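See structure below.
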There are 2 protein chains.
Amino acid sequence: MPPSRQPSQARPLRADARRNREALLTAAREAFLAGDTDAHVEEIARRAGVAVGTLYRHFDTREALVAEVYRQEVADLCAAPARLLAEHGPDEALRRFLLLLVEHAAVGRGMGEALESIMATDSPVFDDARSDMAHALDTLLTAGTAAGLVRPGVDGRLLLRALGGICGMRAHGWQQDAIRITELVHDGLRHTASRT
Amino acid sequence: MPPSRQPSQARPLRADARRNREALLTAAREAFLAGDTDAHVEEIARRAGVAVGTLYRHFDTREALVAEVYRQEVADLCAAPARLLAEHGPDEALRRFLLLLVEHAAVGRGMGEALESIMATDSPVFDDARSDMAHALDTLLTAGTAAGLVRPGVDGRLLLRALGGICGMRAHGWQQDAIRITELVHDGLRHTASRT
DNA sequence: ACATAAAATGAACCGGCCTCACCTTAGGAG
DNA sequence: CTCCTAAGGTGAGGCCGGTTCATTTTATGT
């Protein structure tokens, strides 16, 4: 069995290996940000200055590489809620985070498709990203609920799904729409519905 | 140039051609509903009892076939608003339509992916489907706004995008979530926000 | 029945992702 | 410093799916 790709702190990678792995991630990220959403593996390898085989030594599959790039993006994003809650009230923090989400999805407008292709799989690698994100949203929602500003019964997981659609958007003017949709959802959250 | 695939009432298709075209659409629909979302062209052709070449005589590409199947589904759905408005008040009609949308997306839970793969392209074939759908939603929104139940400034196109995400859902328990999300959006629509 | 254009066929092609038998090299031991 | 060896790298080729097109079959008007 080839050693699990999760660098489960088994053995510290050899120097050149670590360098190449990083180069591949960078090359992929750059390609995506540049809009070349479905860059071929050959192309990514070439950009990183390695052969395809090397790509496959580090990532089980093309998808896995894409997933890793996205996982890192998500990690960045997950740091935001704590900061926002420190600087703003719960409601405003939530609003700003939602908008940040849109902005993030916008990066080069290539990440959107990548994200979508990832959402389509249910690899465990990905569950982590999702649950991290859901947890980040939970932080905001809990604060909001405690302050009586957000209806109870909505958790991060649900909200994440509600917003999932905006990331796949590609059509002209999508960003404008995405912002208005988050406003819509945000208002929905605050509305103390009388529905059973 | 091979004659445009839009049967622009130029010449009525030969009898066997019409039969095969129909068989292909049926085969594709069945495959999707059965959950075999990415059925190979060979498989679809086989189910329809024709060769691949025939598939390509009728549809420019695999995508085009998928698009046509979906277009027909949408047409069905677009008939609903008029009926619902006749039977219920504007607000209730809107709510029911949103739920119907979810139910429809549920059909065999294969249509979701197909839809997603279609949303990803911006072929004109598809603009029609989208604008028909948006128009159907407009009917409901206009009625709601007139009755003072829905905030102004939201049109069908925007709402359609807001809901786009639910169709891609595949994870366990998605349908439950989808219903709650439509409730969320529905409440958001009714909330008369004070935002500028 | 015949002519002919429309339609059907399916083997071959092409462009992606991925594999694997072989070569190269980092980096520790002596 | 040199040698050894396991980790790492290589890239031609396999595979698989969508698409093409020269050839064959067939519906339909005369």
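These numbers were taken from a predicted model, which means no experiment stands behind them. Note on naming: letters A, B, ... go to the chains in the order of the sequence lines (proteins, then strands), and numbering restarts at 1 for each one.
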For nucleotides 17-30 of chain D, read 5' to 3', which letter fits each nucleotide if B means a protein heavy atom sits under 4.0 Å from the base, S means only the sugar-phosphate is that close, and - means neither?
SSBB-----BSS--

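- For B/His58, no side-chain nitrogen or oxygen approaches OP1 or OP2 of C/dA7 to under 4.0 Å.
- Note on B/Thr54: a side-chain N or O is less than 4.0 Å away from OP1 or OP2 of C/dT9.
- Residues forming a salt bridge (charged side-chain N to carboxylate O under 4.0 Å, His left out) with B/Glu92 (at least two apart in sequence, or on another chain): B/Arg95, B/Arg96.
- The CZ atom of B/Arg46 sits 14 Å away from the P atom of C/dT9 (whole-angstrom rounding).
- When the salt bridge (charged side-chain N to carboxylate O under 4.0 Å, His left out) test is applied to A/Arg19, no partner is found at least two apart in sequence or on another chain.
- Going from atom CZ of A/Arg18 over to atom C1' of C/dT25 covers 18 Å, rounded to whole Å.
- Following rounding to the nearest Å, A/Arg21 (CZ) and D/dA7 (P) show an atom-to-atom distance of 17 Å.
- The side chain of A/Asn20 places an N or O atom within less than 4.0 Å of a non-bridging phosphate oxygen (OP1 or OP2) of D/dG9.
- If you take CZ of A/Arg57 and P of C/dC18, they are 17 Å apart, rounded to a whole angstrom.
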Side-chain atoms of residues 78-91 of chain B: list all donor-acceptor pairs with protein atoms under 3.5 Å, sequence neighbours left out, distances to 0.1 Å.
unit_1	atom_1	unit_2	atom_2	d
B/Asp91	OD1	B/His186	NE2	3.3
B/Asp91	OD2	B/Arg190	NH1	2.9

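- Every salt bridge (charged side-chain N to carboxylate O under 4.0 Å, His left out) that B/Arg46 has, sequence neighbours left out, goes to B/Glu43.
- Between A/Ile44 atom CD1 and C/dC18 atom C1' the separation is 14 Å, expressed in whole Å.
- Residues B/Tyr56 and B/Thr61 come closest through the heavy atom pair CE2-CA, 4.0 Å.
- The salt bridge (charged side-chain N to carboxylate O under 4.0 Å, His left out) search around B/Asp16 returns B/Arg14, not counting sequence neighbours.
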